[in-house]
Every structure is written in structure tokens, then in C-alpha cells.
Amino acid sequence: MILVSYDIANDKLRRRFSKYICKFGRRLQYSVYEIKNSDHILENIRVDLKNKFEREFSQSDSVIIFKMSNTCKIERYGYAINDEEDFIMIK
């Protein structure tokens with residue numbers, strides 16, 4: 001899994017980046033997205049960040065990509081407890 005977190009001050013740029021990154025994964029929080037781990041997708045995101053977004057960033061803007069491994073432990077609290085992919089409910 002890849003987590004992408006961003007802090008972009010400009011509203012228009014932030015909306016554009018949010019729409020872009022949502023094509024690859026799902027939103028966990030306002031500025032945090034979960035993306036299925038794929039080297040191809042990660043490389044596409046890196047290239048687009050460099051070529052389409054980074055030149056418009058201000059000094060305070062940031063995007064952080066976390067590559068998670070299978071050994072990472074994830075703890076969920078609050079509503080996030082119900083937000084696991086393998087959660088299945090049968091009536």
C-alpha cells in the first residue's frame with residue numbers, strides 16, 4: 001500500500017491535485033489517500049508531481065509518499081475501525 005499525504009495552500013491547486021490522486025486510490029482523510037501498491041502507479045505519480053504540480057507549489061506546500069510494506073502494522077480508531085477493505089458484512 002502507498003499512502004499519499006499533502007498540504008497545499010492554494011485552493012485551486014489543492015482541488016486539482018485531489019482530483020488527480022483520487023484516480024489511483026481512495027481518500028482516507030481530507031488530505032490522505034490510500035493507493036494499492038504498484039511500482040507503475042507510483043512512478044506515474046512521481047513523474048506527474050515533478051512535471052505537472054511541483055512547479056506550482058509554494059514554499060509551504062508539500063506532498064509526502066509513504067510506501068508501506070506487508071510487515072507494517074496499522075491501527076484504526078473511531079470510524080476508521082470500519083474502514084478496512086476485508087471487512088465483510090452479511091445479513
Side-chain angles (χ1 to χ4, degrees):
M1 169 176 35
I2 301 165
L3 291 180
V4 177
S5 176
Y6 60 89
D7 188 6
I8 300 172
N10 180 287
D11 291 341
K12 185 176 177 182
L13 182 59
R14 184 175 56 249
R15 274 192 303 275
R16 196 172 61 149
F17 184 75
S18 177
K19 285 181 183 179
Y20 166 79
I21 205 71
C22 128
K23 293 187 292 185
F24 300 104
R26 67 187 187 108
R27 178 178 263 165
L28 296 178
Q29 294 184 346
Y30 286 117
S31 61
V32 179
Y33 284 80
E34 175 185 60
I35 299 169
K36 293 289 185 196
N37 197 354
S38 162
D39 290 334
H40 178 70
I41 289 173
L42 180 57
E43 187 56 30
N44 286 345
I45 292 170
R46 285 180 175 148
V47 167
D48 287 341
L49 269 168
K50 280 280 189 199
N51 297 330
K52 294 181 181 178
F53 293 100
E54 194 173 42
R55 60 192 158 108
E56 295 181 53
F57 286 171
S58 70
Q59 289 295 85
S60 64
D61 294 340
S62 64
V63 175
I64 302 173
I65 298 172
F66 300 90
K67 285 185 73 175
M68 310 299 283
S69 70
N70 291 337
T71 59
C72 289
K73 182 179 177 185
I74 299 172
E75 295 184 26
R76 299 174 189 265
Y77 300 92
Y79 178 76
I81 290 173
N82 301 318
D83 202 24
E84 295 184 40
E85 268 189 44
D86 54 358
F87 181 79
I88 299 173
M89 180 181 283
I90 301 173
K91 287 187 173 185

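Here, residue 1 is the first one in the sequence, and each next residue gets the next number.
- Here NZ of Lys23 is found 11.5 Å from CD1 of Ile41. Values are rounded to the nearest 0.5 Å.
- Between Leu3 and Glu34 there is a side-chain heavy-atom pair separated by less than 4.5 Å.
- A continuous path of Ile, Leu, Val, Met, Phe, Trp and Tyr side chains, each step under 4.5 Å between heavy atoms, connects Tyr33 with Leu13, placing both in one hydrophobic cluster.
- Under a cut-off of 6.0 angstrom, the local environment of CD in Gln29 is sparse, with at most 12 non-hydrogen atoms contributed by other residues, nucleotides or ligands.
- Criterion: ILVMFWY side-chain heavy atoms under 4.5 Å apart, direct or through other members. Under it, Leu28 and Ile8 are not part of a common hydrophobic cluster.
- Hydrophobic cluster membership differs between Ile2 and Met68, with clusters built from Ile, Leu, Val, Met, Phe, Trp and Tyr side chains linked at under 4.5 angstrom.
- Between the side chains of Ser18 and Tyr30, not a single donor N or O lies within less than 3.5 Å of an accepting N or O.
- Val63 is not listed as a side-chain neighbour of Ile21, based on a closest heavy-atom distance of 4.5 Å or more.
- A distance of 12.5 Å separates CD1 of Ile35 from CZ of Phe66, quoted to the nearest 0.5 Å.
- Here the closest non-hydrogen pair linking Val32 and Ser5 is CG2-OG, 4.1 Å.
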Worked verdict on Asn44 versus His40 for side chain to side chain contact (heavy atoms under 4.5 Å, CB included) | CA-CA 6 Å; Asn44 286 345; His40 178 70; 3.4 Å; yes
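- Counting heavy atoms from C-beta outward, Asp61 and Tyr6 have side chains that stay 4.5 Å or more apart.
- At least one donor-acceptor pair under 3.5 Å links the side chain of Arg14 to the backbone N or O of Ala9.
- At a threshold of 4.5 Å between non-hydrogen side-chain atoms, the residues Lys67 and Leu42 count as touching.
- Counting heavy atoms from C-beta on, the side chains of Ile65 and Leu49 come closer than 4.5 Å.
- Classification of the Tyr20-Phe17 ring pair by plane angle, with boundaries at 30° and 60°, yields tilted.
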